[in-house]
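Model, not experiment: these values are computed from the prediction.
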Amino acid sequence: MRSDANWRPFLMVLSMVAFTTVSGCAAKPAAQPCDDAVESSTEVPQAMRDQELGHGVGQGDVWFVAPEAGHWSDLVTSEGGGAAGKFPMWIGGRDMPQLAVVGVKGTEGTGRAQLAPTSEGIPGPLPMRIEFPGKGCWQVTAKGKTGTARIEVHVKP
């Protein structure tokens, strides 16, 4: 039988291998955080202010009408296997914006945005419904003729 002195080097090597193996098996890194905090501007077009829409995210002829604070995810409710929400826009021209709802920061897929023009038409406020196919981080982009509005929405499980 071996003495404790003979086992000591073997045990040290064994514990080093075990430590290296355990510490080298780190979990897959989480996706980048999805910050959907509303960071709106009060420097919106005069036509928006005239309609008492004092906060927005965008530029030129296309803006998301924004609350003063909170998160974009506050506008989202669960629906089936996904989620949806109403996100009002303001359009400063006569053309509808091009819309895209795309997963970002580790989220895959595309969502859907539906504009619902009012009887007053545009330019002016424009209701929009956005459908998200599942949880994750979604970038919503509206491109007009002279501007772009972009937000991130965190759909929570």
**Q** If I take atom CZ from residue Phe87 and atom CE from residue Met128, how far apart are they, to the nearest 0.5 angstrom?
**A** 7.5 Å
**Q** CZ/Arg112 to CD/Glu131 distance, rounded to the nearest 0.5 angstrom?
**A** 5.0 Å
**Q** Do the side chains of Ile91 and Val62 get nearer than 4.5 Å, heavy atoms only?
**A** yes
**Q** What pairs of residues pass the salt bridge (Lys or Arg N to Asp or Glu O under 4.0 Å) test when at least one of them lies in residues 79-102, not counting sequence neighbours?
**A** Glu79-Arg129, Asp95-Lys145
**Q** With a cutoff of under 4.5 Å between side-chain heavy atoms, which Ile, Leu, Val, Met, Phe, Trp and Tyr residues group with Val102?
**A** none
**Q** Show every donor-acceptor pair shorter than 3.5 Å between a side-chain atom in residues 149-157 and any protein atom, with sequence neighbours excluded, or say none if there are none.
**A**
from	atom 1	to	atom 2	distance (Å)
Arg150	NE	Thr141	OG1	3.2
Glu152	OE1	Lys105	NZ	3.2
Glu152	OE2	Lys105	NZ	3.3

**Q** Does the Thr107 side chain pair with the main chain of Cys137, one donor and one acceptor, at a distance under 3.5 Å?
**A** yes
**Q** So which heavy atom on Val76 is nearest to which on Ala83, and how close?
**A** CG1-CB, 3.4 Å
**Q** Using every non-hydrogen atom in the two residues, find where Trp72 and Ala66 come nearest and quote the distance to one decimal.
**A** CH2-CB, 3.6 Å
**Q** Does a side-chain heavy-atom distance below 4.5 Å link Trp63 with Met48?
**A** yes
**Q** Could you pull out the closest heavy-atom pair between Ala142 and Leu99, with the gap in Å?
**A** CB-CD2, 3.6 Å
**Q** Can you confirm whether Glu52 is buried at CD, in the sense that more than 12 heavy atoms of other residues, nucleotides or ligands lie under 6.0 Å from that atom?
**A** no
**Q** Can you name the closest pair of heavy atoms from Gly111 and Pro133 and give their distance?
**A** CA-CD, 3.8 Å
**Q** Restricting to non-hydrogen atoms, name the atom on Asp61 and the atom on Gly144 that form the minimum distance, rounded to 0.1 Å.
**A** OD1-CA, 3.5 Å
**Q** State yes or no: do Trp90 and Met96 share one hydrophobic cluster built from I, L, V, M, F, W and Y residues joined by side-chain heavy-atom distances below 4.5 Å, directly or via other members?
**A** no
**Q** Are the side chains of Val140 and Ile130 in contact, using a 4.5 Å heavy-atom criterion?
**A** yes
**Q** Rounded to the nearest 0.5 Å, what's the gap from SG on Cys34 to CD on Gln139? Could you check?
**A** 9.5 Å
**Q** Could you label the plane-to-plane angle of the Phe132 and Trp138 rings as parallel, tilted or perpendicular, counting under 30° as parallel and over 60° as perpendicular?
**A** tilted
**Q** Evaluate the criterion side-chain contact (heavy atoms from CB on, under 4.5 Å) for residue pair Gln59 and Thr148; output intermediate values, then yes/no.
**A** CA-CA 6 Å; Gln59 62 185 27; Thr148 301; 4.2 Å; yes
**Q** What residue among Leu126, Val65, Leu53 forms side chain to side chain contact (heavy atoms under 4.5 Å, CB included) with Pro88?
**A** Val65
**Q** Over all heavy atoms of both residues, which pair between His55 and Pro67 is shortest? Give the atoms and the distance, please.
**A** CB-O, 4.3 Å
